[in-house]
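The structure appears right after this line, and notes come after that.
Here the structure is a predicted model, which means the values were calculated and not measured.
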Amino acid sequence: MILHGGTVYFFDGVRTDDLYIHAGRFVEQPVPEDTIMDLTGLRVFPGLIDMHIHGFRGHYCLDENPDSLCDFAAELARYGVTSFLPTTTAAPPALLLNALRRLKSISGNNNGAVIRGIYMEGPFLSPIYKGAMREDCLCLPDTALAEAFQEASGGLLKVMAIAPELDGADVLIRWCVKNGIRPSIAHTAADYVTACAAIGAGADHVTHLFNAMADPRHREPGVFGAALDGGATAEIIADGHHVHPAFLRMAYRLFGPERLILISDDTPISGCGDGSFCMDGRVSVVRDGVCRLPDGTINGNVQPLLTCVLRAEQFGIPLTDAVRMASETPAKKLGIYNETGSIAPGKSADLFVLDEQNRVRLTMVGGRMVYQAPE
């Protein structure tokens, strides 16, 4: 297949290049008798990678119905996401184990975005900074339980969130590193020294920077300062509500697009509009683009990752870097950059196309059309 006439967003510049796809991958030269798709007037981007997402439009990674999980993956493709890490919340261990088994069973078997692993956000988190997590489902780090999670997932666990100040966190961080799981500092009361020690032990990633952690201060830079000094990567939610645009710009300048990752942190409430919704047995209210629990705590983001990318541009980050922070950077962090994360020969043909109104016109995963907007 030849994609002709589109404005292609490479990370070294924007060019009007033809793209060649064969056997599901980008190739350097066209194959004889290739079909041609005219994308004149449209923009072509590498597929987005949402490495932290709990659900979307009624679909939830803890759903008991595998069909709903497949529909979840298909729904994401409508918004330019071609790879994702379904992300758990804090829940009873039995429920989490069953959810991990279901996610394993559908991995690689859907008609949308590809599951590239699983992200466990909980249960090893601090009740002091629990955010919207259920406090009754939080527990101290437990390596035996983590081993059970890894077994249930079939080895798909990619990221495990841990509050490093909790008893046993140091042991669990070392276990994660040994077993190829990326420990991430999250929902934590850790100070700078504790966070630095965790980063040194291998927890070189931070879950939704600035959220569910102590604010940095000039005498106590906290997790933020430790991540900067320790060379860690960090996720950030660029919806304009979780983090003030000024702090988003500051993080971008300090971490750079090589270390800052845009995530959605979406939930099954996301994309459903304003109203009252039930999630994890609790009511949340969405109003004016923000989802909150009755006590005012923000419960996830309600916009797709693409909206966060476009808002990052509105807030002053170049679009090429905003896209990079949602494709190349997470791909490198997850160890899948040889397969996806940029438009380059040999890689899976994962891409999406935007029109002048920033509407997704089509999405491809492995060179296969998984979404095409109606005419």
Let me have the donor-acceptor pairs involving side chains of residues 167-183, under 3.5 Å, with sequence neighbours excluded, atom names and distances please.
unit_1 : atom_1 : unit_2 : atom_2 : d
Trp175 : NE1    : Glu147 : OE2    : 3.4
Asn179 : ND2    : Trp175 : O      : 2.8
Arg182 : NE     : Lys333 : O      : 2.5

Between the CD atom in Gln150 and the CD1 atom in Ile118, the distance rounded to the nearest 0.5 Å is 9.0 Å

If you group Ile, Leu, Val, Met, Phe, Trp and Tyr whenever their side-chain heavy atoms sit less than 4.5 Å apart, what else falls in with Leu42?
Met1, Leu3, Val8, Phe10, Leu19, Ile21, Phe26, Met37, Leu39, Val44, Ile343, Leu351, Val353, Leu362, Met364, Met369

Taking salt bridge (charged side-chain N to carboxylate O under 4.0 Å, His left out) as the cut-off, I'd like each qualifying pair that reaches into residues 205-228, sequence neighbours left out, listed once.
none

Linked hydrophobic residues, Val290 as query - side chain contacts closer than 4.5 Å:
Ile298

For Arg15, all residues meeting salt bridge (charged side-chain N to carboxylate O under 4.0 Å, His left out), sequence neighbours excluded:
Asp12, Asp17

Taking only residues two or more places apart in sequence, or in another chain, which ones meet Phe210 in a ring pair (Phe, Tyr, Trp, His ring centres under 6.0 Å)?
Phe224, Phe247

Sequence neighbours excluded, the answer for ring pair (Phe, Tyr, Trp, His ring centres under 6.0 Å) partners of Phe72 is Phe84

Salt bridge (charged side-chain N to carboxylate O under 4.0 Å, His left out) contacts in which one or both residues fall within residues 132-145, not counting sequence neighbours
Lys130-Glu135, Arg134-Asp136

Salt bridge (charged side-chain N to carboxylate O under 4.0 Å, His left out) pairs, two or more places apart, involving residues 100-116
Arg116-Asp350

Does anything in residues 19-35 pair up under side-chain hydrogen bond (donor to acceptor under 3.5 Å, both in side chains), and if so which pairs, sequence neighbours excluded?
Arg25-Glu339

Please list, chain by chain and in numerical order, all residues satisfying ring pair (Phe, Tyr, Trp, His ring centres under 6.0 Å) with Tyr79, sequence neighbours excluded.
Phe56

What residues form a side-chain hydrogen bond (donor to acceptor under 3.5 Å, both in side chains) with His241, not counting sequence neighbours?
none

